[in-house]
Amino acid sequence: MSETTRRDFLTAGAGIAVGAAAMAVAPHLAFGDEAQKRVGFAIVGLGRFGAGQLLRSMPECKVAKPVALVSGHRDKANALAAKYGVDPKAIYSYENFDSIKDNPEIDVVYVVLPNSMHAEYTIRAANAGKHVMCEKPMAVNVAECQQMIDACRKNKRLLSIGYRLRYEPYNMKAIEICRSNQYGQLRAIQSVNAFNITPNEWRTDKTLSGGGPLMDLGIYCINAFRYLSGEEPTHVSAQTFQPKDDPRFVNTDGQMTFTLKFPSGVLASGETSYMHHSVGKYEIETERAFIASEPSFAYGGLKLHIRSRDGEQDVQLPNINQFATEMDAFAKCVLTGQQPLTSGEEGLADMKVMMKLYEAAESGKIVAV
Ligand code: NAD
């Protein structure tokens with residue numbers, strides 16, 4: 001069977017086999033044909049994460065593949081296109097971004113820009129008829145998150161937030177332990193995520209970041225409290241510190257502590273900072289065990305230690321490529337029409353909590369979420 005005939009045959013077959021789900025699939029993505037089962041990604045923002053982690057991981061993807069780049073730096077984009085096999089004709093600037101609508105190879109737009117640009121590029125991508133992955137934090141306020149969800153819904157496109165740890169074995173194991181009650185009920189969680197930031201970063205410019213370390217790093221603690229407990233907090237409190245004599249923190253705080261109370265009685269507390277040495281960890285107390293994870297948010301080398309009445313153990317699980325895994329997970333959703341685990345609603349839920357934490361820090365009061 002010639003390639004064309006085979007493709008046509010399989011496309012038609014897919015329509016019969018999966019019905020409505022197949023209607024959500026671009027015509028060039030046929031089920032059952034390994035050569036065709038790829039979902040085209042456009043990476044928007046070729047910085048440390050977009051180029052350094054996501055593009056670099058694309059060769060390990062089984063379903064996602066890079067088909068377009070969006071950048072303000074043509075030279076950088078040209079070099080990356082050559083390296084990753086992207087057609088130079090599929091390099092876009094921020095100005096001509098909307099013309100992605102005319103490129104049927106692009107199924108997914110992955111927004112990897114500074115936080116305050118997430119909403120604009122997600123909405124423009126959805127209006128161009130593309131599914132969207134967007135980095136965390138989803139945006140810089142609750143209203144923007146809702147607008148992003150609405151734009152994707154209106155255009156019947158899927159939206160996923162880059163919460164890579166939801167697809168990562170150690171974090172998935174911790175979720176299973178907490179939610180199965182295998183060591184009794186979950187009682188408390190403590191988490192820290194921090195690094196010592198270099199000067200002149202957009203991350204400490206509130207216009208681009210939306211806030212201090214909570215938006216970039218503390219969000220991992222908040223997300224973990226929610227995914228480990230499987231609950232939404234009812235009340236929060238927080239304190240921030242903005243040093244007066246440190247030029248890095250002119251319009252954002254440098255660090256924050258926070259507490260969250262969940263309906264079952266789980267109490268979670270955390271700290272996030274741009275002012276001290278790197279650490280990303282959580283500790284979990286259940287009725288019959290103490291579970292420690294450090295590092296728990298890193299790109300690799302994650303660990304999980306359990307101490308219970310039965311003794312102590314270091315959990316051994318595979319260290320995967322988190323970026324290839326999360327992109328493939330979303331690519332599969334695009335193929336099947338399934339809602340992603342890390343939907344826009346997940347990003348919105350974190351944003352609601354973070355905005356309440358800022359409110360609590362400002363007022364000095366316990367705030368209802
Ligand atoms: P970065 O500064 O390295 O890259 C940002 C990119 O945006 C650059 O290519 C830059 O040229 C471009 N850009 C366009 N307009 C800009 C503007 N006005 N100011 C600054 N840059 C502009 O940042 P990054 O570390 O790649 O972070 C990008 C996004 O990815 C952020 O939302 C961040 O939270 C997220 N991120 C996620 C993870 C994760 O593990 N999921 C890790 C790192 C970063």
Side-chain angles (χ1 to χ4, degrees), residues 41-57 68-81 91-97 109-122 124 132-141 144-145 148 160-168 170-171 193-195 197-224 227 252 272 274 278 280 295-302 320-327 329-330 340-342 346-347 350-351 354:
F41 274 56
I43 305 288
V44 187
L46 306 177
R48 284 161 292 187
F49 195 66
Q53 303 299 339
L54 299 177
L55 257 183
R56 194 162 67 100
S57 298
L69 303 175
V70 183
S71 172
H73 305 275
R74 184 75 201 197
D75 290 352
K76 179 167 68 172
N78 278 339
L80 288 166
I91 297 175
Y92 299 85
S93 66
Y94 298 112
E95 288 71 37
N96 70 9
F97 173 77
V109 167
Y110 197 154
V111 180
V112 203
L113 293 165
N115 309 341
S116 66
M117 300 170 78
H118 290 184
E120 178 189 343
Y121 282 86
T122 294
R124 283 168 71 179
V132 187
M133 275 197 81
C134 177
E135 259 316 313
K136 45 54 61 179
M138 183 171 175
V140 294
N141 57 50
E144 283 188 353
C145 294
M148 293 158 78
S160 181
I161 309 305
Y163 290 123
R164 57 188 162 77
L165 297 166
R166 295 300 305 275
Y167 307 93
E168 187 285 316
Y170 284 89
N171 280 275
N193 200 19
F195 60 67
I197 201 162
T198 50
N200 305 316
E201 263 273 355
W202 63 258
R203 284 173 163 79
T204 48
D205 175 353
K206 196 172 178 192
T207 319
L208 289 165
S209 63
L214 178 66
M215 297 296 277
D216 189 36
L217 303 176
I219 187 171
Y220 286 88
C221 311
I222 305 304
N223 200 239
Y227 62 67
T252 60
T272 185
Y274 280 146
S278 302
S296 35
F297 309 129
Y299 297 161
L302 275 64
I320 57 158
N321 182 321
Q322 298 176 18
F323 317 111
T325 305
E326 69 157 8
M327 288 189 283
F330 189 57
L341 176 67
T342 51
E346 276 294 302
D350 276 350
M351 188 61 63
M354 294 197 295

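Atoms within each ligand, like the ligands themselves, are counted from 1 in listed order. When a residue number appears, it is its place in the shown sequence, counting from 1.
- A donor-acceptor contact under 3.5 angstrom links the side chains of Tyr167 and Thr342, judged on distance only.
- The two atoms that bring Glu346 and Tyr163 nearest to each other are O-OH, 4.0 Å, heavy atoms only.
- Using a 4.5 Å heavy-atom cutoff, the side chains of Arg164 and Glu135 are not in contact.
- Taking 4.5 Å as the limit, some side-chain heavy atom of Val44 sits within range of a side-chain heavy atom of Tyr94.
- The pair Arg48-Glu201 meets the salt-bridge criterion, with a side-chain N (NZ, NE, NH1 or NH2) lying under 4.0 Å from an Asp/Glu carboxylate O.
- Near Tyr299, the atoms of ligand 1 lying under 4.0 angstrom from a non-hydrogen atom of the residue are 40 (O), 42 (C), 43 (C).
- The residue among Gln53, Gln322, Glu326, Lys136 with a heavy atom at the shortest distance from atom 33 (C) of ligand 1 is Lys136.
- Near Gly162, with a cut-off below 4.0 Å to any heavy atom, the atoms of ligand 1 are 41 (N).
- Looking at heavy atoms from C-beta onward, Leu55 lies in side-chain contact with Leu69 at the 4.5 angstrom threshold.
- Taking 4.5 Å as the limit, some side-chain heavy atom of Asp216 sits within range of a side-chain heavy atom of Lys136.
- A salt bridge is defined here as a Lys NZ or Arg NE, NH1 or NH2 lying under 4.0 Å from an Asp or Glu carboxylate O, and Arg124 with Glu120 meets this definition.
- Near His118, meaning under 4.0 Å from one of its heavy atoms, ligand 1 places the atoms 32 (O).
- Heavy-atom proximity to Tyr220, at under 4.0 Å, picks out these atoms of ligand 1: 38 (C), 39 (C), 40 (O), 41 (N).
- In Lys76, the NZ atom is crowded: over 12 heavy atoms of neighbouring residues, nucleotides or ligands sit closer than 6.0 Å.
- Among protein heavy atoms, the minimum distance from atom 41 (N) of ligand 1 is reached at Glu135 OE1, 2.9 Å.
- Side-chain contact of Tyr110 with Glu326: a donor-acceptor pair under 3.5 Å is present, judged by distance alone.
- Within the structure, ligand 1 has Tyr94 among the residues with a heavy atom less than 4.0 angstrom away.
- Of the protein's non-hydrogen atoms, the one nearest atom 11 (O) of ligand 1 is His73 NE2, 3.9 Å.
- What sits closest to atom 29 (C) of ligand 1 on the protein, heavy atoms only, is Leu113 O, 3.4 Å.
- Residues Ile222 and Leu214 meet the side-chain proximity criterion, which asks for heavy atoms closer than 4.5 Å.
- Within the structure, the closest approach of Phe297 to ligand 1 does not fall below 4.0 Å when heavy atoms are considered.
- The single protein non-hydrogen atom nearest to atom 28 (C) of ligand 1 is Val112 O, 3.4 Å, given as residue, atom name and distance.
- Using 4.0 Å as the threshold, Gly72 has no heavy atom nearer than that to any atom of ligand 1.
- One option in Lys76, Met215, Arg48, Arg203 has a heavy atom closer to atom 27 (O) of ligand 1 than any other, and that option is Arg203.
- Comparing Gly210, Ala77, Pro114 by heavy-atom distance to atom 21 (N) of ligand 1, the nearest is Pro114.
- Contact annotation: the side chain of Leu165 approaches that of Gln322 to within less than 4.5 Å [non-hydrogen atoms, C-beta and beyond].
- Considering backbone and side-chain N/O of Phe49, one or more are found under 3.5 Å from N/O of ligand 1.
- Remark: minimum distance from atom 40 (O) of ligand 1 to any protein heavy atom is reached at Arg164 NE, 2.7 Å.
- Residue contacts with ligand 1: Tyr110 is excluded, as none of its non-hydrogen atoms falls under 4.0 Å.
- Here the protein heavy atom with the shortest distance to atom 16 (C) of ligand 1 is Met117 SD, 3.8 Å.
- Close approach of ligand 1 to Asp216 is summarised as follows: ligand atoms under 4.0 Å from at least one heavy atom of the residue are 34 (O).
- Here the shortest heavy-atom pairing between Ile197 and Arg203 reads CD1-CB, 3.7 Å.
- The nearest heavy-atom contact from the protein to atom 2 (O) of ligand 1 is Trp202 NE1, 2.8 Å.
- Of the protein's non-hydrogen atoms, the one nearest atom 4 (O) of ligand 1 is Gly47 CA, 3.3 Å.
- Taking each of Val70, Leu217, Leu208, Asn115 in turn, the one with a heavy atom nearest to atom 19 (N) of ligand 1 proves to be Leu208.
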